[in-house]
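Structure first, then comments.
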2 protein chains.
Amino acid sequence: MDINTIAAMAGVSRATVSRFLNDGYVSDEKRRRIAEVIEETGYVPSRQAQTLRTGKTGVVGVIIPKINSASISRMVTGLSDVLEKARYQILLANTANEAMSEVDYLKLFADGGSVDGIILVATVLTPEHLRTLGALSLPHVVLGQRVEGHRCVYHDDFHAVRDITLHALANGSRPAYLGVMEEDVAAGHDRHEGFLSACAERGATPLGEELPRSEFTIEGGYLACERLIDAHPEVDTVVCATDRIAAGAMACLREYGREVPADVQVTGLGDSDIAQVMTPTLTTLHYHFRTSGAEAARMLLDAMGKAEDRAQRVCMSYEIFSRNSTRRKA
Amino acid sequence: MDINTIAAMAGVSRATVSRFLNDGYVSDEKRRRIAEVIEETGYVPSRQAQTLRTGKTGVVGVIIPKINSASISRMVTGLSDVLEKARYQILLANTANEAMSEVDYLKLFADGGSVDGIILVATVLTPEHLRTLGALSLPHVVLGQRVEGHRCVYHDDFHAVRDITLHALANGSRPAYLGVMEEDVAAGHDRHEGFLSACAERGATPLGEELPRSEFTIEGGYLACERLIDAHPEVDTVVCATDRIAAGAMACLREYGREVPADVQVTGLGDSDIAQVMTPTLTTLHYHFRTSGAEAARMLLDAMGKAEDRAQRVCMSYEIFSRNSTRRKA
DNA sequence: TTGTACGCGTTATCAT
DNA sequence: ATGATAACGCGTACAA
């Protein structure tokens with residue numbers, strides 16, 4: 001079923017069929033005939049041929065560091081919402097297994113001519129990343145990290161953790177932070193700095209700063225917390241970089257016989273669905289991931305010339321959800 | 001940078017370059033020259049043109065009902081593992097938002113010529129689904145449901161729930177089941193039947209069979225459990241179709257002052273990571289999702305003629321993880 | 001308004 | 001072993 005067949009059946013040249021499909025500029029008479037033939041044959045133009053001819057694929061590549069993350073899935077949902085509305089397909093590239101790093105995927109997308117635009121859900125941005133991004137001729141948006149010279153949507157990690165730490169320190173005085181590697185500027189460095197800033201403001205000494213960082217997992221949170229209470233049994237407030245780390249921490253505290261929040265307060269970050277089923281329910285902070293995903297998608301549409309101009313850089317806000325893992329009154 | 005340029009630079013015809021890239025059959029002399037030119041130009045063949053010419057895209061479409069599901073993400077990981085090794089890209093289609101149903105995506109993939117094969121992570125299979133699947137000329141595999149006449153990888157949902165129910169009924173006698181819509185044959189109907197079978201074997205009367213089904217969410221589990229203890233306060237064992245439903249159920253029981261497992265036992269299904277951080281930790285059942293994903297991918301490779309022959313249908317096994325949401329001794 | 005003719009970058013067929 | 005040449009399915013000047 002190609003355009004030639006349709007043209008023959010409708011008794012017109014294939015150029016006319018092409019016009020029918022695109023510009024318009026066809027007499028009502030033939031328009032009717034063509035429409036009829038297309039209807040009864042169920043003809044659909046070949047994406048590949050269109051791509052070869054126009055250079056446009058109708059696909060945007062989305063590079064994510066892992067599948068099965070509450071935050072990432074929410075971002076992807078936001079992306080889908082607006083991208084599908086603009087009739088774009090999403091090619092999801094998962095780098096979790098390290099089989100192919102983000103840089104490799106960036107290059108693959110850039111070279112292959114397989115996508116019209118790229119969204120990079122970023123964690124760690126190495127110089128190699130920046131070089132590759134800089135050499136990228138395709139429209140692209142970085143989601144989750146602030147990057148100079150590139151369109152990006154990120155979250156106010158510094159103030160987020162600063163605020164939730166201040167919130168906890170209203171009823172605690174010996175705080176510690178369970179964070180992730182500093183190389184992840186947003187989730188690692190910025191959040192950590194936010195914590196330190198809050199401690200400084202309250203005149204509290206941060207505990208366990210000398211300890212190694214955690215992984216982004218429940219298991220990692222458990223182990224980090226174990227090291228923490230081992231080194232600093234006096235800790236009474238544990239601020240965690242993510243909800244999953246907090247989940248691990250709470251499991252650990254329970255194991256060690258510490259009551260939450262009576263003995264130790266715990267806070268998370270991200271407001272994933274597990275926050276509400278933990279015992280006690282977790283005080284955490286809600287990021288508007290879905291909205292930031294949508295925003296990134298709109299920025300990309302803009303960059304691809306498919307939407308009105310938008311800001312080149314957006315910093316998303318947040319809200320604290322105070323639940324039962326922190327103390328109620330002063 | 002196209003094949004013509006390379007050919008010119010190497011002083012050969014473009015046919016020779018093409019042979020160099022594909023079959024082989026080139027003299028060592030020219031082989032060397034071509035390799036050199038390609039090296040220094042960084043030439044990469046156009047995927048689009050290759051596709052147009054060969055009809056092969058190097059992409060497999062994976063249709064999933066939702067992102068952010070522990071089970072699905074594990075399946076996708078398994079898929080990625082083997083598909084990437086075979087140099088296939090994965091085009092992930094998420095139907096969560098209903099914007100485009102699975103059937104529509106199936107048709108899109110089938111028509112567009114944009115993928116070489118399809119993997120459908122299935123939940124509900126309507127007659128419309130079966131019709132579309134039947135009309136599909138592309139190689140495809142159904143993951144998560146058993147479908148006559150199609151390659152598929154599924155889990156032994158019936159015996160899984162039957163076994164975990166028997167496990168719980170060793171220390172309980174008034175069981176109820178929190179399940180999902182029966183239209184989902186595997187997760188809905190089969191699991192439910194497994195539960196009923198176990199009840200029959202133990203001579204226990206299943207409670208709350210008249211109540212409406214739950215959603216696949218924590219929230220849904222909470223609400224379903226609320227209805228259950230309202231209608232049948234005597235219930236002492238709650239078997240849930242998924243871990244998330246179990247999480248909601250436990251939250252609800254806590255709210256209503258029931259001790260788990262002293263007053264009521266709870267079991268889940270899927271062994272997601274939240275199972276271990278719940279209080280008490282959840283007795284659940286581990287499916288080998290990652291393995292089933294890998295198996296489905298291998299079956300697809302087979303169907304696409306890229307791998308040795310494999311079984312057309314595979315039923316995956318499971319293991320029960322007994323933790324603290326069920327009673328220990330008889 | 002319509003049709004002709006060409007090119008997009010490959011691979012495959014056929015001589016040579 | 002190599003090189004012309006014809007497709008693959010489409011969009012679009014250009015001419016009519």
Side-chain angles (χ1 to χ4, degrees), chain A residues 1-38 41-59 87 108-116 137 305, chain B residues 1-38 41-59 87 89 108-116 137-138 305:
Chain A
M1 255 326 109
D2 66 345
I3 199 173
N4 289 305
T5 318
I6 305 298
M9 292 178 72
V12 300
S13 82
R14 76 162 184 265
T16 306
V17 177
S18 177
R19 272 191 287 269
F20 171 85
L21 263 18
N22 305 310
D23 312 77
Y25 225 56
V26 181
S27 67
D28 288 350
E29 163 64 14
K30 311 208 165 188
R31 177 175 295 279
R32 200 180 45 69
R33 292 222 301 276
I34 296 173
E36 194 171 303
V37 174
I38 289 185
T41 58
Y43 163 74
V44 177
S46 151
R47 249 306 192 11
Q48 306 304 336
Q50 285 178 324
T51 294
L52 180 62
R53 180 64 227 225
T54 62
K56 296 300 171 192
T57 65
V59 177
R87 319 230 90 222
L108 179 67
F109 283 154
D111 295 338
S114 55
V115 300
D116 293 342
S137 58
Chain B
M1 257 325 109
D2 66 347
I3 200 174
N4 287 305
T5 320
I6 305 298
M9 293 178 73
V12 299
S13 81
R14 75 164 181 264
T16 306
V17 178
S18 178
R19 271 191 286 269
F20 171 86
L21 263 18
N22 305 312
D23 312 77
Y25 225 54
V26 180
S27 68
D28 288 349
E29 162 66 15
K30 311 210 167 185
R31 177 176 296 278
R32 201 181 43 69
R33 291 222 304 274
I34 295 174
E36 193 172 303
V37 174
I38 288 185
T41 57
Y43 162 73
V44 177
S46 153
R47 252 286 196 21
Q48 306 304 335
Q50 284 179 323
T51 293
L52 179 61
R53 177 64 221 212
T54 63
K56 296 301 170 193
T57 65
V59 177
R87 321 228 89 221
Q89 283 189 0
L108 179 67
F109 283 155
D111 296 337
S114 55
V115 300
D116 294 341
S137 57
L138 260 60

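So that the names make sense, note that chain A is the first sequence line, chain B the second, and so on, each numbered from 1.
Nucleotide D/dA1 holds its P atom 16 Å from the CZ atom of B/R33, rounded to whole Å. D/dC8 atom C1' lies 14 Å from atom CD of A/Q50, rounded to whole Å. Between A/R47 atom CZ and D/dG11 atom P the separation is 12 Å, expressed in whole Å. The separation between B/Y25 atom OH and C/dT11 atom P is 18 Å, rounded to whole Å. We find that CD1 of B/I3 is positioned 8 Å from C1' of C/dT11, with the value rounded to whole Å.
Taking the nucleotide of DNA chain D with the nearest heavy atom to each of B/R53 and B/E29, the more 5' of the two is matched to B/E29. Along DNA chain C, the nucleotide nearest to A/L52 and the one nearest to B/N22 differ in position, and the one closer to the 5' end is contacted by A/L52.
Using a 4.0 Å heavy-atom distance criterion, A/F20 is classed as making no nucleic acid contact. Counting non-hydrogen atoms under 4.0 angstrom, B/T54 reaches the backbone sugars and phosphates but no base.
The side chain of A/A49 sits closest to D/dC10 out of D/dG3, D/dC10, C/dT10. Listed nucleotides D/dG3, C/dT10, C/dG3 differ in distance to A/A15; the shortest reach to its side chain belongs to C/dG3. Distances from the side chain of A/Y43 to the nucleotides C/dT4, D/dC10, C/dG9 place D/dC10 closest.
Under a 3.5 Å cut-off, the side chain of A/R14 and the backbone N or O of A/N4 do not form any donor-acceptor pair.
OP1 or OP2 of D/dG9 has not a single side-chain nitrogen or oxygen of A/S46 nearer than 4.0 Å. The shortest distance between the side-chain N/O atoms of B/T16 and the OP1/OP2 oxygens of D/dG3 is below 4.0 Å. At C/dT10, none of the side-chain N or O atoms of B/Q48 fall inside 4.0 Å of OP1 or OP2 (strictly under the cut-off). Here B/S27 reaches the OP1 or OP2 of D/dT2: one of its side-chain N or O atoms lies under 4.0 Å away. Between A/K56 and the phosphate of D/dC10, there is no side-chain N or O to OP1/OP2 separation shorter than 4.0 Å.
At a cut-off of 3.5 angstrom, counting only N and O atoms as typed in the model, there is a donor on one side and an acceptor on the other between the side-chain of A/R14 and the base of D/dG11. With hydrogens and angles ignored, no donor-acceptor pair closer than 3.5 Å exists between the side chain of B/R19 and the base of D/dA1.
Side-chain contact check for B/I6 versus B/M1: some heavy-atom pair is nearer than 4.5 Å. Using a 4.5 Å cut-off on side-chain heavy atoms (C-beta onward), B/L138 and B/V115 make contact. Residues A/D2 and A/S46 have side chains not in contact (no heavy-atom distance under 4.5 Å, counting atoms from C-beta outward).
A pairwise comparison of heavy atoms in B/T51 and B/K56 identifies OG1-O, 3.1 Å as the closest pair.
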